[in-house]
Amino acid sequence: REMSMLVASEDSSYMPARVVVLGGDSPATIRTELNAVTVLPSDSRVILLENMTRFWRVIQIRVKRCQQGGIDTRVRGIEVLGPKPTFWPIFKEQLCRRTFLSCAARAHAWCQEICRDRERLLQLFGRLNRALRHEQGFADHFLPDDEAAWALGRTCWEALVNPLVQSITSPDPHGVSPLAWLLSEYLESVEPPRRATSRGAIFGSRVRRLTQLLVHVDPSGPEPEEARAAGLSLGRREGGEEQGGAGQGCKSSSLWGISQCWRGVVQQQVE
């Protein structure tokens, strides 16, 4: 990351004035000039190399000229700062693999339950919200930076939410998907505010919260053109809190399937 040379002004004519740094793969091939530095009489620490992008097996420091025309030189020290060893790349791979397997197994079990009983869809908001909050809490407390949290959130979303959305928006042999059925039930249960019952209000609230959560974010790809033309957009916050650690501004392919369900249900109601 950085290599510095320590000098002292009291060395007078022994103090370096011009330094050239070269690199090579062996002592016989030190030919590549990496940097040339002019040392001022007032300097005490001079940076020779920093933020190198290539590894050089051999580094040579040549003092080309000394202060006051001196013919001999003195250097007080050389400091080398390298990257701190880290196991994060290996840990990241293992963490994402663990998260993917755990979320995929959970998504499969929930999809099977919904296929057997469509009313289980009403429980999906609470289950998803708890799962995403759990992953978000883990990211906040244990992961080193936003990039790591984003990687975990992307894995969680791809393994858990995407399969669920694909499952609940896929039509059954009768041509009706679980989500389309739920939305139809929602529209049929809507009542004027004065006539609204507590049971209908709870049902409507659950459906709205579920659909709102499902369309928050999906980092899988760009938004379809027709969805953009319709003014559809995504966020990633639920009640002011981030969900799953995925990146903002990403557009959802899952949103397209959900919007198509809504469109089909509404058209059917109008007809």
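At a cut-off of 3.5 Å, with distance as the only test, no side-chain donor of S170 or S167 sits close to an acceptor on the other residue. When only modelled atom types and interatomic distance are considered, N162 and Q166 share no side-chain donor-acceptor pair under 3.5 Å.
Shown here are the ring pair (Phe, Tyr, Trp, His ring centres under 6.0 Å) partners of F138, two or more places apart in sequence or in another chain: F142.
Using a 4.5 Å heavy-atom threshold, the side chains of E2 and E79 count as separate. R76 places none of its side-chain heavy atoms less than 4.5 Å from the side chain of R45. At a threshold of 4.5 Å between non-hydrogen side-chain atoms, the residues D172 and W181 do not count as touching. By the 4.5 Å heavy-atom criterion applied to side chains, L6 and V46 are not counted as neighbours. Residues Q60 and V21 are not in side-chain contact: their nearest non-hydrogen atoms beyond the backbone lie 4.5 Å or more apart. Within the 4.5 Å cutoff, side-chain heavy atoms of M52 are placed close to those of L34. Counting heavy atoms from C-beta outward, I59 and L22 have side chains that stay 4.5 Å or more apart. Residues L182 and L122 meet the side-chain proximity criterion, which asks for heavy atoms closer than 4.5 Å.
The distance from atom CD1 of I168 to atom CZ of R120, rounded to the nearest 0.5 Å, is 15.0 Å. Q136 contributes atom CD, which lies 9.0 Å from atom CG of L152 (distance to the nearest 0.5 angstrom). Rounded to the nearest 0.5 angstrom, L132 CG and C103 SG are separated by 8.0 Å. Atom CH2 of W157 is separated from atom CG of L164 by 10.0 Å, given to the nearest 0.5 angstrom. Rounding to the nearest 0.5 Å gives a distance of 8.5 Å between CD1 of I78 and OG of S4. Taking OH from Y14 and OG1 from T73, the interatomic distance works out to 10.0 Å, rounded to the nearest 0.5 Å.
Taking both residues in full, the closest heavy atoms of I114 and P178 are given as CG2-CB, 4.0 Å, listed atom of the first, atom of the second, then distance. Between G24 and W56 the shortest heavy-atom distance is N-CE3, 3.4 Å. The two residues V75 and P16 have their closest heavy-atom pair at CG2-CG, 4.1 Å. Here the closest non-hydrogen pair linking I30 and R62 is O-NH2, 4.3 Å. Summarising the geometry of A131 relative to R106, their closest heavy-atom pair is CB-NH1, 3.1 Å, with the distance given to 0.1 Å. Of all heavy-atom pairs between Q67 and S12, the closest is CB-O, 3.6 Å.
Transitive grouping of hydrophobic side chains (ILVMFWY, heavy atoms separated by less than 4.5 Å) brings L49 and V7 into a common cluster. Taken together through direct or relayed side-chain contacts under 4.5 Å among Ile, Leu, Val, Met, Phe, Trp and Tyr, L124 and V176 form part of one hydrophobic cluster. Side-chain heavy atoms closer than 4.5 Å link hydrophobic residues (I, L, V, M, F, W, Y) into clusters, and following such links, even through other members, never connects I47 to I61. Tracing side-chain contacts under 4.5 Å through hydrophobic residues (I, L, V, M, F, W, Y), one never reaches V39 starting from V20; they form parts of separate clusters.
Sorted by first and then second residue, the side chain to side chain donor-acceptor pair (under 3.5 Å) pairs involving residues 30-44 (not counting sequence neighbours) are R18-T38.
Side-chain atoms of H108 never come within 3.5 Å of backbone atoms of A104 as a donor-acceptor pair (strictly under, hydrogens ignored).
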Discussion item. Side chain to side chain contact (heavy atoms under 4.5 Å, CB included), that's the test. Do V58 and D25 meet it? Break it down for me.
Written reply: CA-CA 6 Å; V58 181; D25 294 324; over 6 Å; no
(message) Run E135 and T99 through side chain to side chain contact (heavy atoms under 4.5 Å, CB included) and show every step you take.
(response) CA-CA 9 Å; E135 297 297 338; T99 302; 4.2 Å; yes
Q.
V19 vs K64, test: side chain to side chain contact (heavy atoms under 4.5 Å, CB included). Steps then yes/no.
A. CA-CA 6 Å; V19 178; K64 306 291 287 186; over 6 Å; no
Assess whether side chain to side chain contact (heavy atoms under 4.5 Å, CB included) is satisfied between N129 and R133, documenting all intermediate values. CA-CA 6 Å; N129 209 30; R133 285 178 182 274; 3.3 Å; yes
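In I71, the CD1 atom is not crowded: 12 or fewer heavy atoms of neighbouring residues, nucleotides or ligands sit closer than 6.0 Å.
Under 4.0 Å is where a charged nitrogen must lie from a carboxylate oxygen, and between D11 and R74 at least one such pair does. A salt bridge is defined here as a Lys NZ or Arg NE, NH1 or NH2 lying under 4.0 Å from an Asp or Glu carboxylate O, and E93 with R98 fails to meet this definition.
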